Amino acid sequence: MSEFSDEDAFEAAVPLSRQAAAMRPSPWLDDLNPAQRQAVEALDGPVLMLAGAGTGKTKALTARIAHLMTTGRARPNEILAVTFTNKAAREMKDRVGRLLGQTVEGMPWLGTFHAICVKLLRRHAELVGLKSNFTILDTDDQQRLLKQLIVAENIDEKRWPPRMLAGLIDHWKNRAWTPQKVPASEASAFNHRGTELYDYYQRRLKELNAVDFGDLLLHMVTIFQDHPDVLEQYQRWFRYILVDEYQDTNVAQYLWLRLLAQSHKNICCVGDDDQSIYGWRGAEVGNILRFEKDFPGATVVRLEQNYRSTPHILAAASGVIDANQGRLGKTLWTAEEQGEKVRLIGHWDGDEEARWVGEEIESMAKGTRGMRSFSLDDMAILVRASHQMRAFEDRFLTIGLPYRVIGGPRFYERMEIRDAMAYFRLAVSPDDDLAFERIVNTPKRGLGDKAQQKIQIAARENGASLVDGARILLQDKGLGGKGAAELRVLVDGIARWHDAVRAGERSHIELAEVILDESGYTTFWQNEKSPEAPGRLENLKELVKALEGFENLQGFLEHVALIMDNESESEGAKVSIMTLHGAKGLEFPAVFLPGWEDGLFPSQRSMDESGLKGLEEERRLAYVGITRAEEVCTISFAANRRVYGQWQSALPSRFIDELPADHVEVLTPPGLYGGGYGAAGMAASASPQIMAESQSDLHDRASRADVYNSPGWRRLQERSQQRPMSQPRESRNMVVDAEAVSSFTEGDRVFHQKFGYGTVTGLEGDKVDVSFDKAGSKKLVGRFLVEAAQAGDVPF
DNA sequence: TCCCAGATGATTTTT
DNA sequence: TCATCTGGGA
């Protein structure tokens, strides 16, 4: 993926001459519905494409790009097309290529906001006091830097944590506020030191020749504003601008776009105000709502024909989103005939919900219930918060249902990968102080706080980088003993690796291996006894393998800074588990939406922090969730849930009241607890609410109280009090007590609540080594294990 | 300098 | 509940 290859982006080496191109037919136009076609053919001037979920937005967008080229309006390198994710950019590139065949070389200016800004900023870095080889810090680097500043300023980092400052600075950067432009109303932020610290931080970044993610946009906006000649050059170059997911743009991105588009106004923004779910990250729905004011005379096209979901699913989604104020307004429709209603089911508690979903998935995979059978790949569980995933993971491990968690800790964010990358960074540029700090004592070199302070002082006194500071310190014999010797080795190593990078004789892959080897990092993990160590070594191997796709280490580092994903498609069909946020843009034949309880979803915190605005964003999230489903959408809630170890009971989500009754089927779980007492009670209490024509006033909880005052509900409430002491979970998967532990011997089959089944491979005091069938080898305390026979006998 | 025990505090996360 | 951080003791 050499997207950052070279500056041919402005060269005119394009196969299509404008004349010839204009002659070519555009066969793909026939493939579009009228609305799509209108959006594609309105090439000049501002266009707002309001594209509801599943209405073929990417199709229209790519057709438009192709159309711009074949009508001779623009050459591929004169089109600026921005997305938010690398995935979206990749998909668009692929699809444009497919439309046009091989004739058109890749579009250099199709990419994420960040990737495009990096490219631009490297050409103009000096205008904001940077060198063109600046490094890009990720959030981890950013926070460590901020922490240093906070400590240096003698601020109590307990009361004023770095992450809070990071959030604040991000917030300001999203609004395109440089330290000088932060309004006075923000002066009290961060104990009245916010703007001051922001200013220090920006200066420190310049010293380090570094930028954070927010800077990429902010610096470009600054450059465009302060250097009209530069701006003009790009206004002329980018003849047409396309923006995907416009509802997610923040102020900085908005300004950036407006600056570039203001001369010719050939800008086409695609988005859906109903799917704006990143307000908390600075996205401004206002941008899309205001489009027609920003660009008077804009063509507004609504894509409303949905090609994804059944009418019931669409109706349910519409019913929910209708409750939001201030929408641009769209009504999705489909040519499909009926299909399943949205299914709703209540459960006693979160564990039971997970158990039911597991069983339902198994039976849907087999094709029971009068439905077609679904592959596990076709099913997804979408949760509001990642902690909800655990219950499902536990359950699926137990029953051996293959699953994949999407959007967990990402590959390039893992500790060992970041450590290794820090070594690579030092090899490329030994002046990278942040990288040096990260690995100076990793692996342990006997260089603790004291020693590191000495290095810092030596560096500062000499106006040198940390590596040079360390060299000076060693020369002056300012450090003794084991630490000094180790530091010597490290410093020499860095110099040697750097020479090797510059000489370019060895392949970068070989070099990477040498670096990890000579630094002692590989050995460090080999000697580590913790259960994660093998996995981490495995990751390091994978990292080296990932280098193969690049020409050199620099190219790789650039790639990783912006593209943090690493999609390793593993074999076998699996159910997907992910957050609702992570599911945006995806679709599945069958979707499960668990945890629809007030407080969890909509999230209490959202409502507390952002009031009605927060609630509406939660509601859009519900809309996004429902519209992910093609054929079957199953919503569920539980009366009781363990939150941070405490049992809490909750009411079904207010969004459930908003589901239109005609499109919902209330399910009753069969035969649970000998007759479905709890679950049936739940369903019964939920259904009148559904049946009642509920234009339910959100703030009027009184009418709900009546419904949930039903006998079934009250019984549930009463039982919830006893639950923690007795009831299912404990008795089902009985925990073996201390005496029983000693009875394990090697070769025993055991069961663990989280890791599933395994075999005992060794004993060490009260710890037991177990090789789990699915989860690998772990060392754990015996009392969390159950003999397999015993667990296996337990009825689920 | 390192290691472990207790305190702490906890959404969502495109780049 | 449980992962992460920190401060005190070895």
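Residue numbering restarts at 1 for every chain, and letters A, B, ... go by the order of the sequence lines. Model, not experiment: these values are computed from the prediction.
Backbone-only engagement by A451(A) is indicated by non-hydrogen atom pairs under 4.0 Å involving sugar-phosphate atoms exclusively. Within 4.0 Å (heavy atoms only), G448(A) reaches sugar-phosphate atoms of the nucleic acid but no base atom.
Under a cut-off of 6.0 angstrom, the local environment of CD in Q526(A) is crowded, with over 12 non-hydrogen atoms contributed by other residues, nucleotides or ligands. The number of heavy-atom neighbours closer than 6.0 Å to CZ of R144(A), taken from other residues, nucleotides and ligands shown, is above 12. The number of heavy-atom neighbours closer than 6.0 Å to CG of N527(A), taken from other residues, nucleotides and ligands shown, is above 12.
For the pair K454(A) NZ and dT1(B) P, the computed distance is 9 Å after rounding to whole Å. Atom C1' of nucleotide dT15(B) and atom CG of N250(A) are separated by 11 Å, given to the nearest angstrom. Across the protein-nucleic acid pair, L447(A) atom CG and dT1(B) atom P stand 8 Å apart, rounded to whole Å. If you take CG of D244(A) and P of dT15(B), they are 13 Å apart, rounded to a whole angstrom. Here dT1(C) presents its P atom at 13 Å from CG of D394(A), a figure rounded to the nearest Å. Distance NE2 (H219(A)) to C1' (dT15(B)): 15 Å, rounded to an integer number of Å. The interatomic distance linking K482(A) (NZ) with dT1(B) (P) rounds to 10 Å, in whole Å. The nearest whole Å value for the distance from the CZ atom in R642(A) to the P atom in dT1(C) is 7 Å.
With sequence neighbours left out, the side-chain hydrogen bond (donor to acceptor under 3.5 Å, both in side chains) criterion links D140(A) to R418(A), R438(A).
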Each nucleotide of nucleotides 8-14 of chain B classed B (base within 4.0 Å of a protein heavy atom), S (only sugar-phosphate) or -, in 5' to 3' order, makes --BBBBB

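Between T178(A) and T222(A) the shortest side-chain heavy-atom distance falls below 4.5 Å. The closest side-chain heavy-atom distance from L110(A) to M92(A) is below 4.5 Å.
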